[in-house]
Every structure is written in structure tokens, then in C-alpha cells.
Amino acid sequence: MACNRSTLCQVEGSFLASMFSGRWENQQKKDKDGNVFLNFDPGYFKLILKFLRSKELSIPEYPPPVPVPAKDDFPHFYNLVNYLGLREEFKVKKVDTFCDPCVSNISISDEDTVIKFGYNENSLINNDTGRYVLGYKCCESGRTQWRLEAKQGSIFIGVFEYDSDGVSNADTHTGIWLAKGANGWTSDLKFQNGNPELNESFDSICADVIHILTLDLDAMTLSLANGRGVLNMKLQRVKDPEDDCYCWSLCIGFLGDIQNEVRLAD
């Protein structure tokens with residue numbers, strides 16, 4: 001693995017930059033050809049080096065994407081990132097967070113990226129009203145992608161179109177998935193503007209599986225992918241298409257009386 005010294009030294013103040021600053025030149029382990037030997041996992045270091053090379057060519061408006069290792073490699077990869085003093089460079093910006101829920105049987109934690117349903121024994125779980133949480137991000141154009149993981153498959157994953165005044169159409173409904181403006185999936189049903197249909201092919205919501213929800217407002221499409229396949233639907237505006245004051249938000253709804261937890265991954 002070869003690169004320019006300047007690539008390794010570009011993050012000032014990092015341990016990696018210090019290692020190759022020339023100050024410790026005589027203390028580094030080298031092979032017979034004078035190449036520096038690093039006792040790091042080559043796969044992890046290759047991801048770091050790729051990021052640093054991209055960083056050299058990037059501009060502030062378009063920063064390089066942060067590499068994402070396999071799920072089982074996360075702790076080992078970020079241990080190396082921290083050791084090299086690159087933690088700030090490798091921080092992933094949150095795509096979204098959850099809004100505060102309006103009922104007591106849903107709680108929010110971990111910097112607003114985890115919601116838990118039904119863990120409050122004093123709340124009335126059998127009351128369907130308010131069994132949903134919306135994302136904080138307001139999507140008006142372009143493409144947005146969310147990565148979600150649920151402990152149980154008994155949820156609705158989708159998006160919701162807000163009224164032009166910012167008030168949800170679902171405030172008077174017992175289930176947000178049955179409201180106009182709700183588009184998404186449960187394990188066996190597809191909902192378009194609150195109208196249910198049977199899923200086309202497979203169970204779309206699974207426990208302990210990463211689900212990738214993609215909203216493309218330029219193409220007016222919504223898709224949901226997991227290890228079993230990909231589902232797609234065409235979106236239709238609830239509000240007047242000439243009304244520019246609208247937005248779409250991530251929407252998670254809880255089905256049944258099962259305790260559940262949904263995590264928003266970076």
C-alpha cells in the first residue's frame with residue numbers, strides 16, 4: 001500500500017499526521033526497502049486511506065463520503081480511527097432524527113435516533129391513537145434515504161405528506177397508515193395514500209434486519225429494500241400539485257400490542 005506523505009499528514013494534530021511528520025522517522029519500523037511497516041488491519045487502513053485521498057481532492061461544499069465498514073467490523077474499524085486521531089473526520093452526519101412522540105407509550109432516546117413502543121406499563125397500549133412517530137427532516141425535493149432496524153416486524157415504515165400549514169392529516173386518525181398522505185409498507189400490506197393493498201411478493205418488514213427506505217421526490221417514487229428484495233411505489237400528491245408549501249417526512253407506525261424498538265442508523 002503506497003501513498004504520498006502529504007495524504008497521511010493532512011489532518012493536523014492527528015496521531016497519524018504526527019507519525020509521518022518526520023519527527024519519528026528513525027523510530028519507525030521499516031522493511032529492507034525502507035518502506036514503513038504499520039501493524040494495522042490492512043482492510044481497515046485501506047478504507048481510511050481511500051477517505052484521505054478523496055479528502056485531498058474535495059471542497060468544503062462536497063466533502064468525501066465517510067466509509068461504512070461491515071456491521072460486525074464497526075467497533076474494530078472505529079477503534080483504529082480513534083487511535084489514529086481521526087475521530088472528528090469520520091463523524092457521520094445524521095440523515096434524520098425522530099420528532100418527540102405525542103403519547104406516553106412511545107419514548108425516544110440515543111440523541112433522538114431510537115424510539116421504543118409499549119415499554120411504559122402505565123400507558124394504555126390498546127389505544128391506537130398516536131401510535132406513530134415522524135422524522136424531523138422535511139423533504140421537499142431530491143432524494144433522501146433512511147436506514148432503519150426494528151426489533152420486531154410489527155411496524156409501518158414509510159413517509160407522510162404534511163398539509164401546507166404543517167399540520168399532519170393523521171391527527172384525527174387512529175392509525176397513520178390509514179390516513180391520506182401515508183405511503184409505505186407493513187409486513188404484508190402496501191399503503192398508498194392510506195389505501196391498503198396486499199404486498200406484491202415478500203414480507204417487507206423483518207425483525208433485526210436493516211431496511212433501506214428511499215424517497216425520490218424528483219421521480220415521485222418510494223422504495224423499501226432489505227435482504228429479501230426491493231418494493232417500489234409511485235407517489236401521488238394529496239395536496240394541490242400547484243401548492244409549493246408541502247413536505248414529506250419519515251413515518252414509523254406501531255402495530256398490535258408488542259413491545260418494539262426502531263433504530264435510525266447513520
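Note that the structure is predicted; figures quoted are calculated from it, not measured.
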Tell me, with the steps shown, if Ile155 and Asn260 meet side chain to side chain contact (heavy atoms under 4.5 Å, CB included).
CA-CA 8 Å; Ile155 60 172; Asn260 208 342; 3.2 Å; yes
Report the C-alpha separation of Phe98 and Tyr136 in whole Å, then their side-chain angles, then the decisive distance to 0.1 Å, and conclude whether the ring pair (Phe, Tyr, Trp, His ring centres under 6.0 Å) test is met.
CA-CA 5 Å; Phe98 291 116; Tyr136 185 79; over 10 Å; no
Would you please test Phe117 and Val133 for side chain to side chain contact (heavy atoms under 4.5 Å, CB included) and show each step?
CA-CA 10 Å; Phe117 169 75; Val133 177; over 6 Å; no
Before giving the answer on side chain to side chain contact (heavy atoms under 4.5 Å, CB included), spell out for Leu148 and Ile157 the whole-Å C-alpha distance, their side-chain angles and the decisive distance to 0.1 Å.
CA-CA 9 Å; Leu148 302 127; Ile157 295 179; 4.0 Å; yes
Does Lys190 form a side chain to side chain contact (heavy atoms under 4.5 Å, CB included) with Leu198? I'd like the steps, not just the answer.
CA-CA 6 Å; Lys190 174 176 75 173; Leu198 285 176; over 6 Å; no
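Within the 4.5 Å cutoff, no side-chain heavy atoms of Met19 are placed close to those of Cys9. Side-chain contact between Leu217 and Cys139 is present, with heavy atoms from C-beta onward closer than 4.5 Å. Thr214 places a side-chain heavy atom less than 4.5 Å from the side chain of Ile212. Taking 4.5 Å as the limit, every side-chain heavy atom of Tyr132 sits out of range of all side-chain heavy atoms of Ile252. Side chains of Ile205 and His211 form a contact here, defined as non-hydrogen atoms less than 4.5 Å apart. With a 4.5 Å cut-off on side-chain heavy atoms, Trp177 and Leu255 count as touching.
Taking each heavy atom of Ala2 and Leu49 in turn, the nearest pair found is O-CD2, 4.5 Å. In terms of heavy-atom proximity, Ala207 sits nearest to Gln152 at CB-CA, 4.0 Å. Closest approach of Lys234 to Met220, counting heavy atoms only: CD-O, 3.4 Å. Minimum interatomic distance between Asn232 and Ser223 (heavy atoms only, all atoms of both residues): OD1-CB, 3.1 Å. Closest heavy-atom contact between Gly135 and Cys99: O-SG, 3.6 Å. When all heavy atoms of Cys3 and Arg53 are compared, the pair lying nearest together is CB-NH2, 3.6 Å.
The side chain to side chain contact (heavy atoms under 4.5 Å, CB included) test with Val159 singles out one residue from Leu213, Thr144, Leu250, and that residue is Leu213. Exactly one of Asn195, Leu235, Leu215 qualifies for a side chain to side chain contact (heavy atoms under 4.5 Å, CB included) with Asn183. That residue is Leu235.
Applying the side-chain contact (heavy atoms from CB on, under 4.5 Å) test to Ser18 and every residue at least two apart in sequence or in another chain returns Arg23, Trp24. Every residue two or more places apart in sequence or in another chain was checked for a side chain to side chain donor-acceptor pair (under 3.5 Å) with Ser21, and none qualifies. By the salt bridge (charged side-chain N to carboxylate O under 4.0 Å, His left out) test, Arg5 is found to be paired with Glu25, residues two or more places apart in sequence or in another chain being considered. Every residue two or more places apart in sequence or in another chain was checked for a side chain to side chain donor-acceptor pair (under 3.5 Å) with Lys137, and none qualifies.
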Side-chain donor-acceptor pairs of residues 34-48 under 3.5 Å, sequence neighbours excluded:
unit_1	atom_1	unit_2	atom_2	d
Asn35	ND2	Asp31	OD2	3.2
Asp41	OD1	Gly43	N	2.8
Asp41	OD1	Tyr44	N	3.2
Tyr44	OH	Asp73	OD1	3.1

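With Gln10 contributing its side chain and Thr7 its backbone, the two residues share a donor-acceptor pair below 3.5 Å. Looking only at distances, no side-chain donor or acceptor of Glu261 sits under 3.5 Å from a matching main-chain atom of Ile115.
Clustering ILVMFWY residues whenever any of their side-chain heavy atoms sit less than 4.5 angstrom apart, transitively, puts Val11 in the very cluster that holds Leu16. Connection of Leu189 to Phe160 is established within a shared hydrophobic cluster, with ILVMFWY side chains joined at heavy-atom distances below 4.5 Å, either directly or through further cluster members. Linking ILVMFWY residues whenever their side-chain heavy atoms come closer than 4.5 Å, directly or via other members, places Met1 and Phe20 in the same cluster. Taken together through direct or relayed side-chain contacts under 4.5 Å among Ile, Leu, Val, Met, Phe, Trp and Tyr, Leu224 and Val209 form parts of separate hydrophobic clusters.
Taking CG of Asp96 as the reference point, atom CZ of Arg147 lies at 14.5 Å (rounded to 0.5 Å). In this structure, the separation between CD on Glu161 and CD on Gln236 is 10.5 Å, given to the nearest 0.5 Å. Atom CG of residue Leu57 and atom CD1 of residue Ile59 lie 11.5 Å apart, to the nearest 0.5 angstrom. For the atom pair CG of Leu52 and CG of Leu86, the computed distance is 6.0 Å after rounding to the nearest 0.5 Å.
Ion pairing between Glu149 and Arg263 fails under the 4.0 Å rule for side-chain N and carboxylate O.
Ring pair Phe191/Phe156 is perpendicular by interplanar angle, where above 60° counts as perpendicular and below 30° as parallel.
Within 6.0 Å of CD on Gln28 lie more than 12 heavy atoms contributed by other residues, nucleotides or ligands.
Note on residues 7-17: no pairs pass salt bridge (charged side-chain N to carboxylate O under 4.0 Å, His left out), not counting sequence neighbours.
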